[in-house]
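The next block holds one structure in the form of structure tokens; read it before the comments.
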Amino acid sequence: MPIMSTEFFNEADAGFVQSNSNDYSDGFEGPEKKLDIRFCPISKGSVKSIAGSPSKVGLRTVDKERWQTVLDSARCTIISQTSNDHMDSYVLSESSLFVYPRRCMIKTCGTTTLLHLIAKMVQVGKECGLEVEMVVFSRKNLNQPSKQIFPHCSFSDEVNFLNKIFDGQAYVMGDVNKDHWNLYIADFRKNPTVQRTEQTFEVMMHDLDETVMKQFFKREGVSAWDTTVNSGIADLLPGSMIDDFQFDPCGYSMNGLLNEFYWTIHITPESHCSYVSFDTNVALADYNQLLAKVLKVFKPGRFTAALYAEDGAPCGDPYTAFDVNIPSYAIQNKTVHGFDGGYDVVVSNYQQLDKKVSFSNDDLIQSIESTNIDLIQV
């Protein structure tokens with residue numbers, strides 16, 4: 001297996017004109033920037049929290065208005081909110097925010113300035129009696145990085161920005177000249193012997209089937225829920241609480257809550273910049289069935305699959321993830337890495353074999369249609 005590169009590719013060298021405007025004339029920037037921050041109670045001897053000892057609900061004590069002040073730094077707005085017994089979910093003008101008692105996962109697309117909100121996020125944690133335990137920042141390569149706002153024009157700038165706060169490690173997974181995935185991790189966990197079970201699975205899709213994408217242009221008399229059902233999205237993880245939104249004139253976002261697990265989809269349907277992301281932390285022993293269902297719904301021309309798994313995760317050793325034949329697709333490359341902190345990352349890139357041939361993964365789908373996706377309690 002290839003080992004990931006630690007040399008940073010300056011995506012801004014792609015030749016685009018530097019611009020700080022929200023000009024999407026060349027297409028909306030669908031690929032998201034993702035920030036996953038985990039917190040723990042402030043340790044004795046460190047700076048005292050504002051609120052004293054952390055409560056069991058932790059970050060969930062923060063209301064919608066306060067979260068909006070945090071999101072202002074990233075230049076995005078809360079559209080809607082849903083909650084269950086485990087988390088609060090926010091659909092944003094540019095993607096999603098999920099809040100657990102001691103964890104926040106936020107992803108933003110377009111020209112948002114995600115990393116600018118870190119200082120406010122840390123402050124919110126302190127007010128809840130919490131300090132940062134682990135930071136994971138990741139994103140796929142951008143289509144037009146030079147139209148981003150500092151520090152998001154290049155991964156090098158993002159790493160330097162983050163290292164002024166956390167001093168972590170950065171990696172590039174995949175071919176830097178093609179589809180690749182950037183990853184930054186700062187791990188401050190003090191008890192490495194504790195078994196950790198977190199795992200996250202992402203599918204980042206380009207060159208989507210135009211007939212499929214037509215569903216995500218706003219149409220009179222067709223609600224967001226109609227689109228969710230008719231497209232097949234509602235059937236991906238049955239039993240979920242779904243909060244969906246259809247943008248005008250086009251675009252779609254949804255957050256799904258399934259017990260203690262989240263899942264989220266964001267769609268940029270225009271043919272010249274089509275992009276769909278699927279992201280979840282649902283606990284499965286194997287993600288190939290779910291991957292097949294996602295591909296059947298969206299029919300991408302190419303896609304990147306990424307799996308993060310800690311040593312106690314239900315999926316076990318992830319190094320063999322996606323080692324199945326996916327009809328109509330050829331694997332371009334696969335990058336794996338094991339980290340000292342007790343977690344592994346696998347990133348694979350796939351290309352449709354012949355775009356002129358209609359998409360078909362029926363063989364793979366038929367093999368799983370009679371099999372339910374069983375959640376594993378963690």
Side-chain angles (χ1 to χ4, degrees), residues 28 30-32 34 79-82 84 87 89-98 105 107 109 200-219 221-259 261-271 273-284 287-306 326 359-362 364-365 368-369 371-375:
F28 184 78
E32 301 97 346
K34 178 179 177 179
I79 294 176
S80 63
Q81 175 186 356
T82 54
N84 65 9
M87 77 188 93
S89 160
Y90 300 88
V91 174
L92 308 180
S93 55
E94 284 87 2
S95 301
S96 301
L97 167 66
F98 294 94
M105 192 285 277
K107 56 193 311 182
C109 55
T200 58
F201 170 63
E202 298 181 57
V203 189
M204 296 153 276
M205 296 165 273
H206 293 272
D207 303 334
L208 284 304
D209 182 276
E210 291 189 19
T211 300
V212 172
M213 290 297 99
K214 286 181 180 179
Q215 300 174 93
F216 303 103
F217 284 78
K218 196 164 187 178
R219 294 161 289 167
V222 179
S223 68
W225 179 243
D226 292 335
T227 300
T228 300
V229 173
N230 296 334
S231 65
I233 289 173
D235 296 325
L236 289 175
L237 289 169
S240 301
M241 177 190 300
I242 291 178
D243 184 9
D244 49 17
F245 188 84
Q246 188 91 39
F247 291 89
D248 189 7
C250 65
Y252 170 94
S253 289
M254 65 79 65
N255 286 349
L257 283 67
L258 183 57
N259 303 321
F261 307 113
Y262 72 78
W263 59 292
T264 182
I265 293 173
H266 302 284
I267 300 175
T268 301
E270 297 97 320
S271 59
C273 59
S274 63
Y275 176 80
V276 175
S277 67
F278 174 91
D279 186 349
T280 186
N281 67 342
V282 64
L284 299 177
Y287 285 98
N288 288 311
Q289 297 176 19
L290 181 56
L291 173 60
K293 293 177 72 173
V294 170
L295 297 179
K296 184 179 182 181
V297 168
F298 296 111
K299 301 177 174 59
R302 72 182 201 275
F303 69 91
T304 299
I326 302 178
F359 179 93
S360 174
N361 63 351
D362 291 343
L364 186 58
I365 293 296
I368 69 167
E369 279 182 342
T371 305
N372 291 325
I373 294 179
D374 296 321
L375 302 182

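- You'll find the side chain of I267 reaches within 4.5 Å of the side chain of M213, heavy atoms only.
- The CG atom of L291 lies 13.0 Å from the CD atom of E202; values are rounded to the nearest 0.5 Å.
- The backbone N or O of T280 sits nowhere less than 3.5 Å from a side-chain atom of T200 that would complete a donor-acceptor pair.
- Rounding to the nearest 0.5 angstrom, the gap separating the CG atom in N281 from the CG atom in L258 is 10.0 Å.
- The heavy-atom pair separating S96 from F98 by the smallest distance is CB-CE1, 3.9 Å.
- Contact detail for S253 and V91: the closest heavy-atom pair is CB-CG1, 4.1 Å.
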Are Q246 and T227 close enough, and set up right, to give a side chain to side chain donor-acceptor pair (under 3.5 Å), and what steps lead you there? CA-CA 8 Å; Q246 188 91 39; T227 300; 3.1 Å; yes
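- A 4.5 Å side-chain heavy-atom check between Y275 and M204 finds at least one atom pair inside the cut-off.
- Under the 4.5 Å side-chain criterion, counting only non-hydrogen atoms from C-beta, H206 is in contact with P31.
- Put simply, CG on L97 and OG on S89 are 8.0 Å apart, with the number rounded to the nearest 0.5 Å.
- Using a cut-off of 4.0 Å between Lys/Arg side-chain N and Asp/Glu carboxylate O, R219 and D226 are scored as not salt-bridged.
- How far CD1 of I242 is from CH2 of W225: 4.5 Å, rounded to the nearest 0.5 Å.
- Atom CZ of R302 sits about 10.0 Å away from atom CG of L208, to the nearest 0.5 Å.
- For the pairing with N255, the side-chain hydrogen bond (donor to acceptor under 3.5 Å, both in side chains) check across D244, T82, T264 returns one residue only, T264.
- Residues Q289 and L284 form no side-chain contact, since every pair of their non-hydrogen atoms from C-beta on lies 4.5 Å or further apart.
- With hydrogens and angles ignored, the 3.5 Å screen pairs a side-chain donor or acceptor of N84 with a backbone N or O of M87.
- Side-chain contact between V276 and Y252: absent, with no pair of heavy atoms (C-beta onward) separated by less than 4.5 Å.
- No donor-acceptor pair under 3.5 Å is formed between the side chain of K299 and the backbone N or O of T211.
- Of the possible polar contacts, none joining the K34 side chain to the K107 backbone as a donor-acceptor pair under 3.5 Å is found.
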Tell me, with the steps shown, if V203 and F201 meet side-chain contact (heavy atoms from CB on, under 4.5 Å). CA-CA 7 Å; V203 189; F201 170 63; 3.4 Å; yes
Between S277 and E32, does a side-chain contact (heavy atoms from CB on, under 4.5 Å) hold up when you go through it step by step? CA-CA 8 Å; S277 67; E32 301 97 346; 2.6 Å; yes
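- Across all non-hydrogen atoms, the minimal contact from P269 to C250 is CG-CB, 3.7 Å.
- Contact of the F247 side chain with the I79 side chain is registered, since non-hydrogen atoms from C-beta on lie closer than 4.5 Å.
- Between F278 and W263, the ring planes are tilted. Angles from 30° to 60° get that label.
- Classified by interplanar angle (parallel below 30°, tilted 30° to 60°, perpendicular above 60°), the ring pair F216/F298 is tilted.
- For the atom pair CG of L236 and CE of M254, the computed distance is 8.0 Å after rounding to the nearest 0.5 Å.
- Summarising the geometry of M105 relative to D279, their closest heavy-atom pair is CE-OD2, 4.0 Å, with the distance given to 0.1 Å.
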